[in-house]
J.: 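Can you read through this structure? Questions will come right after.
One-based numbering, in listed order, for ligands and for the atoms of each. Keep in mind that what you see is a predicted model, and the values were worked out from it rather than measured.
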Amino acid sequence: MSEERILLVEDDAAQRRIVSGILAAEGYIVTEAGGIAQAIDALCTAPVDLVLSDWKLPDGDGISLLAEVRRRSIEAPFVMVTAYGTIERAVEAIRTGADDYLTKPFERRALLLAIERTLRTRRLVEENRRLAEELEERDRLVDIIGRSPAMQDLFRRVEKLAGRDATVLLIGESGTGKELVARALHQLSPRRSGPFLAVNSAAVPDGLLESEFFGVERGAFTGADRSREGKFELARGGTLFLDEIGELPFTIQPKLLRAIQEARVTRVGGASEIVTDVRLIAATNRDLPAEIAAGRFRQDLYYRINVIQLRLPPLRERSEDIQLLVEHFAARAARRHGLRVTAFSPALLKRLFDYPWPGNVRELANVVERLVILSDEGRVSEGDLPDEMAGRPKEDGGFKLPPGGVSWIEHERSCLRQALELAGGNRARAARLLDLPYKAFLYRLEKHGIRASDS
Ligand SMILES: Nc1ncnc2c1ncn2[C@@H]1O[C@H](COP(=O)(O)OP(=O)(O)OP(=O)(O)O)[C@@H](O)[C@H]1O
Ligand SMILES: [Mg+2]
């Protein structure tokens with residue numbers, strides 16, 4: 001018997017009863033909602049494994065519900081029910097992020113099939129994600145890279161701090177390596193054989209954060225069909241990483257403060273206190289003193305977590321690390337995709353040095369992986385840089401017509417030859433350099449009687 005939880009959204013009470021009965025008979029745990037507002041309430045109190053929603057609801061349509069669910073980063077699969085003959089709606093639902101649809105009237109078998117199929121697909125996706133994360137995990141144990149004085153200084157402090165149980169606050173822009181450092185602090189600590197668990201305040205819906213942190217007692221609210229341990233309990237003997245702490249809703253801050261101060265938690269709906277044993281590491285890319293001034297973050301909580309502060313410098317302040325990082329990520333990408341490690345030309349490296357990297361190391365890793373994947377026979381090309389980095393002048397092409405004019409035909413011929421040369425004779429890449437469709441490029445080569453090898 002399945003124990004999966006389904007949220008059934010349908011305003012017609014009679015219909016709802018029938019569908020709910022069919023699902024319950026299969027062992028699904030069904031929560032019912034008569035409209036959008038009720039559905040959102042239910043989703044914010046207890047997680048579900050699938051949402052089955054009618055299109056026509058008293059307070060809006062199913063698409064609005066679906067959009068709201070995704071906006072709140074609730075990832076439960078969504079099956080939309082539409083009336084017979086309204087296939088456009090079904091298509092629209094799929095485009096908006098629904099996983100499947102059912103047309104009314106449906107039979108018991110069709111309903112159960114759609115639900116099983118959707119749940120099975122979701123389980124596969126999650127299994128894949130878990131495997132990918134495990135692979136990633138292995139990479140993460142590899143050293144943090146950085147030879148710049150700022151990073152060397154950081155390494156020394158990480159080594160010193162790792163052995164202590166003090167709370168550490170990591171600050172730095174997105175992609176600077178906060179999570180990597182948090183993991184390193186754990187790996188180098190006496191708690192290394194314990195778990196490293198994270199709670200990301202930005203990713204967990206507000207209404208679920210409390211039970212995520214502190215756990216929930218069976219029957220605490222409708223849908224709490226079993227007791228669950230919170231992350232404070234699950235991380236016993238290890239490290240709890242409070243990621244994006246700046247996004248923590250104000251209302252939950254006193255509860256977190258209490259848990260830290262007293263090293264005890266109470267499950268939602270529970271009566272007894274549970275003693276915790278965790279080392280805390282918090283991270284944020286926000287300016288917490290400014291958040292305090294704006295009344296969004298509690299000063300007392302800030303003092304509690306800001307015992308020792310480590311700042312991760314943005315990549316643009318340490319360009320001496322770029323080359324090492326490029327080599328590291330190129331080797332990793334080559335390994336991952338079974339390609340040869342590629343050499344980066346000095347011109348390309350200069351482009352990487354000069355770019356301000358707003359997404360920091362994460363962005364650099366992605367760009368390098370892309371260059372390696374698109375590389376040709378081990379050669380990476382500037383032409384494969386993403387558009388926002390290519391510095392390719394868009395509107396007027398940056399080309400200034402000289403007062404005496406030009407011969408158009410000569411100019412075109414010269415552009416074609418230069419593009420081929422820059423692309424090392426690779427015609428697809430040369431076409432991209434001129435922002436031309438491949439066929440249009442070939443047509444022009446032919447027109448000018450240029451063969452790729454002539455260039
Ligand atoms: N110094 C480094 N050496 C090697 N890899 C790094 C380094 N810094 C960051 N990375 C890699 O860059 C990616 C982003 O790092 P991480 O997730 O730790 O950043 P973050 O600061 O937590 O970002 P966000 O604020 O967006 O969550 C990861 O894949 C990480 O492995
Ligand atoms: Mg992070």
J.: Under 3.5 Å, N or O to N or O, is Arg332 touching ligand 1 that way?
T.: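 N/O-N/O distance below 3.5 Å does not exist for this pair.
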J.: So, Arg311 side chain and Gly172 main chain: donor-acceptor pair closer than 3.5 Å or not?
T.: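 Such a contact is absent between Arg311 side chain and Gly172 backbone.
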J.: If we only count heavy atoms from C-beta on, is the Leu310 to Arg157 side-chain gap below 4.5 Å?
T.: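 Sidechains of Arg157 and Leu310: in contact.
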J.: Would you call Arg432 and Asp384 a salt bridge, using N to O less than 4.0 angstrom?
T.: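 Result for this pair is yes, salt bridge flagged.
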J.: Taking the minimum heavy-atom distance to atom 6 (C) of ligand 1, which of Leu312, Leu180, Ile144 ranks first?
T.: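 Heavy atom nearest to atom 6 (C) of ligand 1 belongs to Leu180.
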J.: Have Asp321 and Ser148 got a donor and an acceptor in their side chains that come within less than 3.5 Å?
T.: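 A donor-acceptor contact under 3.5 Å links the two side chains.
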J.: Is there a nitrogen or oxygen of Ile145 sitting under 3.5 Å from a nitrogen or oxygen of ligand 1?
T.: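 Yes - when backbone and side-chain N and O of Ile145 are compared with those of ligand 1, one distance drops under 3.5 Å.
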J.: Should you measure from each heavy atom of Met151, which atoms of ligand 1 turn up under 4.0 Å away?
T.: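 Under 4.0 Å from Met151, ligand 1 has these atoms: 1 (N).
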J.: How are the rings of Phe196 and His186 set relative to one another: parallel (under 30°), tilted (30 to 60°) or perpendicular (over 60°)?
T.: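 Ring orientation of Phe196 relative to His186: tilted.
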J.: What atoms in ligand 1 come closer than 4.0 Å to a heavy atom of Phe329?
T.: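 Counting atoms of ligand 1 from 1, those under 4.0 Å from Phe329 are 5 (N).
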J.: Of the backbone atoms (N, CA, C, O) and the side-chain heavy atoms from C-beta on, which set of Asn360 has a member under 4.0 Å from an atom of ligand 1: side chain, backbone, both, or neither?
T.: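 It is neither part, as no heavy atom is under 4.0 Å.
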J.: Heavy-atom distance under 4.5 Å between the side chains of Ile281 and Asp243, does that happen here?
T.: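 No. Closest side-chain heavy atoms not under 4.5 Å.
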J.: Who's closest to atom 24 (P) of ligand 1 heavy-atom-wise, of Ala283, Gly175, Ser148?
T.: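 Minimum heavy-atom distance to atom 24 (P) of ligand 1 goes to Gly175.
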J.: Suppose I only count heavy atoms of Glu179 and a 4.0 Å limit; which atoms of ligand 1 are within that range?
T.: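 Close to Glu179: 17 (O), 18 (O), 22 (O).
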J.: Would you say that Pro77 contacts Thr121 through its side chain, given a criterion of any heavy-atom pair below 4.5 Å between the two side chains?
T.: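 No. Closest side-chain heavy atoms not under 4.5 Å.
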J.: Record the part of Phe155 in heavy-atom contact with ligand 1 below 4.0 Å; permitted values are side chain, backbone, both and neither.
T.: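 It is neither part, as no heavy atom is under 4.0 Å.
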J.: Check this for me - ligand 1, Arg318, N or O atoms closer than 3.5 angstrom, yes or no?
T.: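 No, since none of the N or O atoms of Arg318 sits under 3.5 Å from an N or O of ligand 1.
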J.: Would you say the side chain of Arg264 lies within less than 4.5 Å of the side chain of Val275, judging by non-hydrogen atoms?
T.: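 When only atoms from C-beta onward are counted, Arg264 and Val275 do touch, with a gap below 4.5 Å.
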J.: Run down the list Gly146, Gly177, Ser174, Ala202 and name the one with the heavy atom closest to atom 26 (O) of ligand 1.
T.: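 When every heavy atom of Gly146, Gly177, Ser174, Ala202 is considered, Ser174 comes closest to atom 26 (O) of ligand 1.
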